[in-house]
Amino acid sequence: MNTVLWIGPVWPALIAPAVPTDWAIRTIDDHITGGNGSEAYKRWALGLGNDPLSKLAPDAREIVIAGFSRGHGAIEVLLGLAAGRRDARVTGLLALDSYYSAWGVKEPKLGFLAWCQIALQNGLPAIFTTSTHHPAQYPSSSESIKPLAQALSLTETRPLSGVPEPARTMGRGTVFWLDYEARFRHEDHAIKLGQPFLSIGAYFRPRFSYETTPAAFAPTPSVQAPPRAQTTATPTPATTPVQAVPTPALPPSQATSMQSTKSSSLAGWGVALGILALAGGAYALKRSHQ
C-alpha cells in the first residue's frame with residue numbers, strides 16, 4: 001500500500017483526514033528513534049542500511065515523506081539514500097519547520113538538495129514551511145534553509161492556494177519554501193499546517209503534469225482526499241518553555257504501518273559522498289533541536 005512516512009514528534013491523527021483511505025500512514029517518532037533530537041533521528045535512519053524505504057514501506061509503490069521539527073535528521077538520510085539509489089518511490093516531500101543547520105553553515109544539506117533537484121526534474125512536490133523561532137545557539141529554520149533555496153535557485157513567487165498565507169513564498173517549478181516567520185508557533189507547523197498542505201492534492205497525484213506556477217497546487221474536486229474511516233481527536237500540546245532545544249510537548253504517536261514497492265530511475269550520483277558525510281556527522285548538529 002502506498003505510504004506517508006510521518007516523521008517527528010507528532011501524531012498521525014493530525015494529518016489523517018488529508019490522506020486518502022487507500023494510503024497508509026507510518027509514524028516515526030521519538031519512541032521509534034530512541035531519542036528526542038535530530039541526531040537520534042539521523043542515527044536511526046542510518047541504522048536501517050542503504051535501502052531504508054524497503055524496510056519502512058516494503059509494499060509501497062509511492063512514498064510521501066512528511067516531517068516536523070527534529071524529524072529533519074532522518075529525512076536528510078532517507079532523501080539522500082533515495083536519490084543516490086535512483087529510487088523513484090519517493091514522490092513527495094513536506095518539511096514542516098523541519099530544516100535546521102548550525103550557525104555559519106553556508107552549504108545546503110546534500111540529501112535535501114539531491115532529492116529536490118529530482119523533484120524539479122520530474123514535477124514532484126517538495127514544500128518547506130519555516131519559522132523564525134529558535135534557541136540562541138542554533139539558527140531558525142527560516143535562516144537555515146537559505147543555502148538550500150539559493151542552490152535550488154528559488155525566487156519570490158505568489159502564495160500557494162488553499163493554505164494559510166506566509167510572510168513570503170519562494171519557489172521554482174514544484175519546489176516551494178513558505179516562510180511563516182513568527183505567524184505560527186513552532187508546534188503549529190505540524191498541528192495547523194500539516195493537514196492543509198497535504199490536502200491541496202499535489203502529494204497524491206505525483207504523475208500529474210504540473211505547470212511551473214503555484215496554481216498547479218490549487219485543490220480541485222478530482223484530487224480531494226476522501227475522508228478516512230477512523231479519525232482521532234487532534235491532541236492539544238502543552239506549551240513548554242523554550243530551552244536549548246525547543247521541544248514541543250506533543251503526545252507520543254502510535255505508529256501505523258502498511259507498505260509497498262516500485263523502482264524507477266532518477267538522478268544523484270554525487271549523493272553517495274553526501275551519505276558518507278552524513279554518517280560522519282559532518283554537518284549534523286551535536287545536540288537535539290527542533
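Looking at Asp30, its side chain never comes within 3.5 Å of a backbone N or O of Thr33 through a donor-acceptor pair. With hydrogens and angles disregarded, no donor-acceptor distance shorter than 3.5 Å links the side chain of Asp188 to the backbone of Phe184. Asn2 places a side-chain N or O within donor-acceptor distance of the main-chain N or O of Glu62, the cut-off being under 3.5 Å. Side-chain atoms of Ser144 come within 3.5 Å of backbone N or O of Ser101 as a donor-acceptor pair. Proximity of a side-chain donor or acceptor of Ser142 to a complementary backbone N or O of Asp179 within less than 3.5 Å is not detected. For Thr3 (side chain) and Met1 (main-chain N/O), a donor-acceptor pair under 3.5 Å exists by modelled atom type. No donor-acceptor pair closer than 3.5 Å links the side chain of Trp23 to the backbone N or O of Val4.
Classification of Glu181 and Arg183 as a salt-bridged pair fails, no side-chain N sitting under 4.0 Å from a carboxylate O.
Interatomic distance, CG of Leu93 versus OH of Tyr99, reported as 11.0 Å (0.5 Å rounding). Taken to the nearest 0.5 Å, the CD1 atom of Ile75 stands 7.0 Å off from the CD1 atom of Ile65. Separation of atoms CD1 (Ile145) and CE (Met170) is listed at 10.0 Å; rounding is to 0.5 Å. Distance OG/Ser161 to CD1/Ile200: 8.5 Å, rounded to 0.5 Å. To the nearest 0.5 Å, atoms CG (Leu5) and OG1 (Thr27) are separated by 9.0 Å. Note that the NE2 atom of His72 and the NZ atom of Lys109 stand 5.5 Å from one another [nearest 0.5 Å].
Taking each heavy atom of Gly67 and Ser98 in turn, the nearest pair found is O-CB, 3.8 Å. Of all heavy-atom pairs between Ile15 and Gly194, the closest is CG2-C, 4.1 Å. Nearest approach of Lys55 to Gly49, heavy atoms of both residues: NZ-N, 4.4 Å. Minimum heavy-atom separation, Leu124 to Thr174: O-OG1, 2.7 Å. Annotation for Ala182 and Thr132: closest pair N-OG1, 3.5 Å, computed over non-hydrogen atoms. Between Leu79 and Gly111, the shortest heavy-atom contact is CB-O, 3.6 Å.
Remark: the Ser141 side chain and the Thr130 side chain contain no N/O donor-acceptor pair separated by less than 3.5 Å. Checked by atom type, the side-chain pair Asp97/Tyr180 shows no donor-acceptor distance below 3.5 Å.
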Pair Arg172, Leu120 - check side chain to side chain contact (heavy atoms under 4.5 Å, CB included), show working. CA-CA 8 Å; Arg172 176 182 160 217; Leu120 287 171; 3.3 Å; yes

Set out, in order, the CA-CA distance, both residues' side-chain angles and the distance that settles side chain to side chain contact (heavy atoms under 4.5 Å, CB included) for Ile127 and Tyr203, then state yes or no. CA-CA 10 Å; Ile127 299 178; Tyr203 290 97; 3.3 Å; yes

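Contact annotation: the side chain of Ser140 never approaches that of Ser131 to less than 4.5 Å [non-hydrogen atoms, C-beta and beyond]. Taking 4.5 Å as the limit, some side-chain heavy atom of Arg26 sits within range of a side-chain heavy atom of Leu56. With a 4.5 Å cut-off on side-chain heavy atoms, Val77 and Trp44 do not count as touching. A heavy-atom distance below 4.5 Å is found between the side chains of Pro159 and Glu165. The shortest side-chain heavy-atom distance between Val10 and Leu96 does not fall under the 4.5 Å cut-off. Taking the side chain as every heavy atom from C-beta outward, Thr129 and Pro166 never approach each other to under 4.5 Å. The shortest side-chain heavy-atom distance between Phe176 and Leu160 falls under the 4.5 Å cut-off. Within the 4.5 Å cutoff, side-chain heavy atoms of Pro164 are placed close to those of Leu193.
Scored by the side chain to side chain donor-acceptor pair (under 3.5 Å) test, Gln117 finds no partners at all (sequence neighbours excluded). Scanning for side chain to side chain contact (heavy atoms under 4.5 Å, CB included) contacts around Asp51 gives Leu53, Ser54, Arg85, Asp87, Arg89, with sequence neighbours left out.
Aromatic ring centres of His186 and Phe68: separated by under 6.0 Å. Outside the 6.0 Å centre-distance limit, the rings of Trp103 and Tyr138 are not counted as a close aromatic pair.
Here the rule is side chain to side chain contact (heavy atoms under 4.5 Å, CB included) with Glu76, and of Tyr41, Phe112, Trp115 only Phe112 fits it.
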